[in-house]
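Reviewing the structure listed below.
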There are 2 protein chains.
Amino acid sequence: MKIGELARRAGISAHTIRYYERIGLLPRADRDGGGRRDYDGSTLVWLEFLGRLKTTGMPIRDMLRYAAMRAAGPATERERHDLLVAHRDRVRAHVAALQSCLAVLDTKITGYASNLTNEAKDDDALPNQLRKPLR
Amino acid sequence: MKIGELARRAGISAHTIRYYERIGLLPRADRDGGGRRDYDGSTLVWLEFLGRLKTTGMPIRDMLRYAAMRAAGPATERERHDLLVAHRDRVRAHVAALQSCLAVLDTKITGYASNLTNEAKDDDALPNQLRKPLR
DNA sequence: TCTTGACTTAGAGTGCGCTCAAACTCGTAG
DNA sequence: CTACGAGTTTGAGCGCACTCTAAGTCAAGA
């Protein structure tokens, strides 16, 4: 698989794939006769996993640590486990924070919506000052 | 309230508050006799709301749009409502993505954990090749 | 043979959101 | 009076994660 196809399948740009290789997030790719990168399916699987880590907000330097451990073999499995557990905990906390923010957003949206409804229903029935303020 | 106290209470730096004022996210603050910024509670409330937007990943340029609408008065309420609804939808989608990533993380963590347990229990009972691979 | 398009490299540039520096002014405590 | 800490300004610098440029190579199709 050439870099273009891998990029398309992983949903990132070929530029980004080369960048990842440069910084060590991807191992140096095998080359074909003309010096072009040639990938197999395992790279796609790895990129998909990196995408999960990225979606969940892991910084590249931590992905590098994980990638280095992976490359170092099974002796690092405990460390890898611990890194993922710590990351999962952070992600869970972040999801909780987002949900609390969503509740605030819902409240505010409801406020705007009822205000807009009132305006449509009884536009001049109340002076502006008596409407529920929105902040 | 001086900028230092506001910063402490909002959980951001005074630098950041001045930066927000510079770019128009905060209105120009009232000054005391010596030209220092003097805030009332409403600024803290606004900063707290901005913090929610930030936590949920809204870029500053969208916060600026929202702030500009707020400053423009009640005529923009429908637009503000729509902006928040669009944002809420994006946040909900992001939460869903995070939860799907969390499921993948859980699976991987379980894989490492069982592998670590096996190693502790019957370290030499199986050749490495027969262990469940972890990717 | 010629053209097209995907690929190669090293390195420069971009956008975001701060974060800090330098040089200065105040108000208050000792 | 002096020292200190907290504030002021403009503008530069930073860390992150790409993203693009320039100049060149290569393989396949018309």
Side-chain angles (χ1 to χ4, degrees), chain A residues 1-40 43-44 46-68 87 90 94 97 101, chain B residues 1-40 43-44 46-68 87 90 94 97 101:
Chain A
M1 187 189 336
K2 288 298 188 313
I3 197 172
E5 189 186 346
L6 179 63
R8 201 166 20 73
R9 296 223 264 170
I12 59 182
S13 76
H15 283 310
T16 300
I17 292 173
R18 288 191 207 99
Y19 164 71
Y20 282 176
E21 181 178 320
R22 248 195 299 188
I23 65 173
L25 208 46
L26 291 176
R28 179 172 165 80
D30 293 339
R31 307 307 168 109
D32 69 6
R36 284 118 188 253
R37 293 169 179 81
D38 205 356
Y39 296 97
D40 62 10
T43 307
L44 181 55
W46 175 231
L47 273 179
E48 279 163 352
F49 183 62
L50 287 179
R52 306 273 180 183
L53 296 182
K54 178 179 156 182
T55 294
T56 51
M58 183 184 285
I60 283 187
R61 64 178 168 285
D62 290 355
M63 298 185 203
L64 282 174
R65 294 210 302 121
Y66 186 80
H87 181 59
R90 281 189 299 271
H94 185 53
C101 288
Chain B
M1 189 188 335
K2 287 299 188 315
I3 197 173
E5 189 187 346
L6 179 63
R8 201 167 20 74
R9 295 222 264 171
I12 60 182
S13 75
H15 284 309
T16 300
I17 292 173
R18 287 191 208 100
Y19 164 69
Y20 282 176
E21 182 178 319
R22 248 195 299 188
I23 65 172
L25 208 46
L26 292 176
R28 179 171 166 80
D30 293 339
R31 307 308 168 109
D32 68 7
R36 282 115 190 254
R37 293 169 179 81
D38 205 356
Y39 296 96
D40 63 9
T43 307
L44 181 56
W46 175 232
L47 274 179
E48 279 163 353
F49 182 62
L50 288 179
R52 306 273 181 182
L53 296 181
K54 177 179 156 182
T55 295
T56 51
M58 182 183 286
I60 281 185
R61 63 177 167 284
D62 290 355
M63 298 184 203
L64 282 174
R65 293 210 303 121
Y66 186 80
H87 181 58
R90 282 190 298 271
H94 185 52
C101 288

- Quick note, Ile3(A) side chain, CB onward, closest among dC7(C), dT9(D), dC18(D) is dC7(C)

- May I have the distance from Tyr19(B) (atom OH) to dT8(D) (atom C1'), rounded to whole angstrom? 19 Å

- Between dC16(D) (C1') and Met58(A) (CE): distance, integer Å: 16 Å

- Message: Does dG17(C) have OP1 or OP2 under 4.0 Å away from a side-chain N or O of Tyr20(B)?
- Response: no

- Query: Under a 4.5 Å cut-off applied to non-hydrogen side-chain atoms, are Arg37(B) and Lys2(B) in contact?
  - Reply: no

- Item | d(OH, Tyr39(A); C1', dA6(C)) in whole Å | 14 Å

- For Gly34(B) and Arg31(A), take the nucleotide of DNA chain C holding the closest heavy atom to each; which residue's nucleotide lies nearer the 5' end? Arg31(A)

- Query: Tell me: CZ of Arg18(A) to P of dA22(D), nearest whole Å?
  - Reply: 16 Å

- Identify, between Gly33(B) and Pro59(B), the residue whose nearest nucleotide on DNA chain C lies closer to the 5' end. Pro59(B)

- Item | Of the listed nucleotides dC16(D), dC18(C), dG7(D), the one nearest the side chain of Arg36(B) | dG7(D)

- Task: Return the 5'-most residue of the pair Asp38(B), Ile60(A) with respect to DNA chain D, ranking by each residue's nearest nucleotide.
- Result: Asp38(B)

- From Ile60(A), Leu25(A), Ile12(A), residue fulfilling side-chain contact (heavy atoms from CB on, under 4.5 Å) relative to Tyr19(A): Ile60(A)

- May I have the distance from Met63(B) (atom CE) to dC16(C) (atom P), rounded to whole angstrom? 12 Å

- Message: Under 4.0 Å, heavy atoms only, any strand: does Arg22(B) hit a base, just the sugar-phosphate, or nothing?
- Response: base

- Are OP1 or OP2 of dT8(D) and a side-chain N or O of Arg37(B) less than 4.0 angstrom apart? yes

- Which is it for Arg36(B) and Glu5(B) under the salt bridge (Lys or Arg N to Asp or Glu O under 4.0 Å) test, yes or no, and what are the steps along the way? CA-CA 13 Å; Arg36(B) 282 115 190 254; Glu5(B) 189 187 346; over 6 Å; no

- Query: Any sub-3.5 Å donor-acceptor pair from Asp38(B)'s side-chain atoms to Met1(B)'s backbone N or O?
  - Reply: yes

- Note on the structure: Rounded to whole Å, CG of Asp32(A) lies from P of dC7(C) at a distance of 10 Å

- When rounded to whole Å, the CD to C1' distance for the pair Glu21(A) and dC18(D) reads 16 Å

- Item | Out of dC20(C), dT8(C), dA17(D), whichever nucleotide has its closest atom nearest the side chain of His15(B) | dC20(C)

- Starting at atom CG of Leu25(A), determine the distance to atom C1' of dA17(D), rounded to an integer number of angstrom. 11 Å

- Using only side-chain N and O atoms of Lys2(B), determine if any of them is under 4.0 Å from OP1 or OP2 of dG27(C). no

- Under 3.5 Å, is there a donor-acceptor pair between the side chain of Arg9(B) and the main chain of Ala7(B)? no

